[in-house]
Every structure is written in structure tokens, then in C-alpha cells.
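Residues take their numbers from the sequence shown, with the count starting at 1.
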Amino acid sequence: MTAPQLLRRLDAIEGFLELGDAKEALRLLLEIPEWVRLKDCQLLQTHLKVLLTQKDWAAASELARCLVGAFPSNAEAWYGLAVADLNAGAVETAKEALRKACELNSDLKLRALSDHNLTALW
């Protein structure tokens, strides 16, 4: 898969997410070879978005942990980990992940305050 093809695929995946069709977004994502998905931060973040949209908290938490391990300065990955962990029942780790996300990107605090997925933290 060439870089332009990958970018078009990523746009299509994001489009399906915006339309609320996480199932189709996941199908398109999984057509990308695994070795490509696992080394690309943007693809991993998109995969995390799909899992969060599908409310697959356990898989989202696992993927978010991989993301923050590989890209520890990625605020969105920490935010995704907070959402996944909170909804999986791990409140303390969710608090810590959200704290880290906001530390890396202060704009995320405003988003978190209005995010229904994080209501239990307030």
C-alpha cells in the first residue's frame, strides 16, 4: 500500500467514523496490513477511535496502552486510555491517564469536562 493510498484509506475510515459507521471504519482499517498498522501512530490512533466508538473498552484499553508505551508524549493516546479504562471500571488508572493527557495538552481538560464518557470522573 503506497503512502497516498494509505492517506485515502485513512480519510475514508475517518469519514465512516464521522457518519457513525464504526463497523465499516473497522473493516477498512483491518484491510490495511497489520505490519503497517502497528508502526503508524496515526493508524493506531484511528484504530483506538474505532474501538472507543464501538465501546469495546477492553480492546481500546489494550491498544491505548500500546500507544502510550510507543508514543508517551501523545496526549490523545492518554486521553483514549482514560476513556477506555474508566468505562472498563479502572477509575484510578483512568484518572492518572487523564491527568497525563491534560499535562501534555491543556486543551484536553475542556474537552474532558464535556465528554460524557468521562462523566464519572467529575
Do the side chain of Gln54 and the main chain of Leu51 share a donor and acceptor less than 3.5 angstrom apart? no

Quick one: pull up CD1 in Ile32 and CD in Gln5 and give me the separation to the nearest 0.5 Å. 10.5 Å

Where the side chain of Asn87 meets the backbone of Val83, is there a donor-acceptor pair that is under 3.5 Å apart? yes

Can you tell me how far apart CD (Gln45) and CG (Asn74) are? Round to the nearest 0.5 Å. 4.0 Å

Backbone N or O of Lys49 within a donor-acceptor pair of the Thr53 side chain at under 3.5 Å? yes

Does one side chain, of Tyr79 or Asp115, offer a donor that lies under 3.5 Å from an acceptor on the other? yes

What distance do Leu28 atom CG and Asp11 atom CG have between them, rounded to the nearest 0.5 Å? 11.5 Å

My understanding is that only residues two or more places apart in sequence, or in another chain, count here; which of them pass salt bridge (Lys or Arg N to Asp or Glu O under 4.0 Å) with Glu103? Arg99, Lys100

Approximate separation, where rounding is to 0.5 Å, of Leu17 CG and Glu24 CD: 11.0 Å

Does either side chain, that of Thr93 or that of Glu96, offer a donor lying less than 3.5 Å from an acceptor on the other one? no

Under 3.5 Å: donor-acceptor pair, side chain of Ser106, backbone of Cys102: no

Determine whether Trp35 and Asp40 make a side-chain contact, defined as any pair of heavy atoms from C-beta on separated by less than 4.5 Å. no

Which residue pairs pass the salt bridge (Lys or Arg N to Asp or Glu O under 4.0 Å) test with at least one member in residues 51-80, sequence neighbours excluded? Arg65-Asp85, Glu76-Arg111

Tell me, please, which residues at least two apart from Glu92 pass salt bridge (Lys or Arg N to Asp or Glu O under 4.0 Å). Lys95

